[in-house]
Amino acid sequence: MRLPSSRLALLGVLYFVQGLPFGFQSTALPVYLRSQGVSLTTIGLLGALWLPWALKALWAPLVDRYGSARVGRRKSWILPMQAGLTASCAAAAFVSSKDALPVLLGLIFLMNLFAATQDIAVDGFAVDMLRPSELGLGNTAQVVGYKLGALTGGGLLVWASARIGWSGLFLAMALLCLGAFVVTLLARESPPEARAAQAPLPPRSEPAWGEVFQRLKQALTLPGAGWLLLFIATYKLGESMSDVLFKPFLVDAGITAAQIGLWVGTWGTGASIVGSLAGGLLASRMPLLGAVGLTATLRVVPLVGRWLLATGGVTDSGVIAVTMAEELFGGALTTVMFAFMMSRVDRRIGATHYTLLASLEVWGKAPAGPLAGWLADPRHGPGLGYANVFLLGIVLSVGFLALLVPMRRQQHAARSALNTA
């Protein structure tokens with residue numbers, strides 16, 4: 001059964017606004033800071049701005065447990081978070097000068113806090129309404145919507161900032177968030193598709209925390225759960241180490257900020273969106289674990305390309321080819337992995353369980369930025385250089401493929417248990 005287009009579009013809009021601050025932070029901010037002579041170690045530490053995404057599992061049970069039935073269980077969280085995101089973007093327009101960088105970074109942190117909390121509710125909304133056969137399509141809307149937001153915040157608006165300025169960039173982001181707020185306000189939240197056949201959580205007057213955490217404990221202590229957590233935590237580690245240094249590497253290689261914005265922020269994100277669409281198709285046509293294995297293998301190829309650029313010299317065509325390939329295969333991998341994660345969620349605590357897995361994904365790659373920056377930095381670290389850190393990213397990404405073996409064994413064991421039951 002196909003997912004209705006209205007719900008698919010709503011998912012895309014919700015994830016779009018969550019991608020806006022990511023695009024600005026991941027693409028524009030590192031280029032700007034490196035152009036100002038900021039050290040690689042400091043740039044690597046900018047990942048701290050993403051702390052709300054890493055910690056959101058702490059307050060996910062609140063989102064799962066409480067909500068207004070009149071407004072909508074998920075909408076009653078999404079709407080105020082969108083309002084906060086709109087306000088923080090608007091405020092950034094008035095403190096976007098170079099002298100106000102600490103205040104700007106604080107506002108970006110707030111944007112991430114609002115977006116991360118909204119993400120909990122939106123993920124719960126997706127878990128509620130998506131059937132197993134719709135996971136590929138639904139997660140395509142999730143990833144593509146998010147990346148379109150990143151393309152807008154880190155590519156199109158940065159490109160337009162030459163005319164509208166940084167203040168205009170943040171005002172445009174605020175208007176886009178306000179538009180999403182209106183769309184969400186007018187949308188109707190339907191009852192969850194799968195909840196009718198499952199035991200509901202207890203009434204609000206009963207102790208809710210024990211019920212939520214008991215179900216979460218059961219999910220995390222199932223046979224093979226440890227392999228699943230390790231699988232999710234490590235699938236992006238090597239790629240992230242390579243990613244965090246790639247833009248500074250291009251700056252130091254003489255590539256201009258305008259070229260990086262076009263090739264990486266715009267064309268690269270476009271290729272990533274195509275990859276996400278392809279990943280959604282794979283997730284719909286083949287077993288999810290097999291799709292993860294295929295895309296994770298292809299992802300290694302452009303990582304090798306980055307190493308070759310660092311060792312053999314940079315050319316415009318080489319940078320474009322490697323960027324497009326990495327974004328294409330990386331985008332496909334992200335979509336199929338998110339669909340795989342959602343397939344392993346207990347829908348009765350959908351927001352909490354999925355948020356925990358998604359937070360683990362963030363925590364798994366969190367050390368990549370500081371570690372890669374420190375390893376490559378000749379002033380504050382061992383000074384291994386770009387090439388050696390890119391090589392380390394390749395080794396870690398190839399090593400991840402070995403985890404497919406225990407994951408397949410776990411899957412076969414689960415099927416055998418089901419057949420003998």
Side-chain angles (χ1 to χ4, degrees), residues 25-50 154-155 158 234-269 271-272 296 298-331 333 364-400:
Q25 180 181 331
S26 63
T27 301
L29 199 56
V31 173
Y32 168 76
L33 293 178
R34 188 58 176 168
S35 300
Q36 299 299 311
V38 176
S39 73
L40 294 175
T41 299
T42 301
I43 292 174
L45 292 174
L46 287 177
L49 295 175
W50 278 93
V158 173
T234 59
Y235 92 105
K236 281 280 187 177
L237 180 59
E239 180 183 338
S240 296
M241 289 190 69
S242 181
D243 283 346
V244 77
L245 290 182
F246 189 55
K247 299 180 190 72
F249 163 72
L250 295 179
V251 172
D252 289 353
I255 305 298
T256 67
Q259 288 174 311
I260 295 173
L262 179 63
W263 297 345
V264 180
T266 304
W267 294 358
T269 305
S272 181
L298 293 173
R299 182 264 309 268
V300 175
V301 176
L303 297 184
V304 173
R306 287 179 175 176
W307 176 74
L308 291 174
L309 288 175
T311 55
V314 172
T315 63
D316 290 357
S317 59
V319 171
I320 293 171
V322 168
T323 297
M324 300 291 278
E326 200 284 328
E327 296 291 348
L328 180 71
F329 298 140
L333 173 59
K365 60 188 179 184
L371 180 60
W374 177 75
L375 288 173
D377 199 333
R379 288 187 292 172
H380 302 97
L384 297 181
Y386 292 113
N388 286 327
V389 179
F390 288 160
L391 182 59
L392 177 58
I394 294 169
V395 172
L396 290 172
S397 297
V398 172
F400 163 77

Measuring from [X]:[atom1] to [Y]:[atom2], what's the distance to the nearest 0.5 Å?
| X | Y | atom1 | atom2 | answer |
| --- | --- | --- | --- | --- |
| Leu391 | Trp307 | CG | CH2 | 6.5 Å |
| Glu239 | Phe400 | CD | CZ | 10.5 Å |
| Leu333 | Leu328 | CG | CG | 11.5 Å |

Please identify each residue that fulfils side-chain contact (heavy atoms from CB on, under 4.5 Å) with [X], with sequence neighbours left out.
| X | result |
| --- | --- |
| Leu392 | Met241, Leu375, Leu396 |
| Leu250 | Phe246, Ile255, Ile260, Val264, Val319 |
| Val300 | Val304, Ile394, Ser397, Val398 |

By ring pair (Phe, Tyr, Trp, His ring centres under 6.0 Å) - contacts of Phe390 (at least two apart):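 Ring pair (Phe, Tyr, Trp, His ring centres under 6.0 Å) list for Phe390, sorted by chain: Phe249.
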What's the shortest heavy-atom distance between [X] and [Y], and which atoms?
| X | Y | value |
| --- | --- | --- |
| Ala372 | Leu245 | O-CD1, 3.7 Å |
| Val322 | Pro302 | CG1-O, 3.6 Å |
| Val314 | Ala253 | CG2-CB, 3.9 Å |

Sequence neighbours excluded, every pair satisfying salt bridge (Lys or Arg N to Asp or Glu O under 4.0 Å) that has a member inside residues 300-322: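 Passing the test, one end in residues 300-322: Asp243-Arg306, Arg306-Glu326.
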Any donor-acceptor N/O pair, Trp263 side chain to Gly268 backbone, under 3.5 Å: no
Partners meeting side-chain hydrogen bond (donor to acceptor under 3.5 Å, both in side chains) with Thr323 (sequence neighbours left out):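 With sequence neighbours excluded, Thr323 shows a side-chain hydrogen bond (donor to acceptor under 3.5 Å, both in side chains) to no residue whatsoever.
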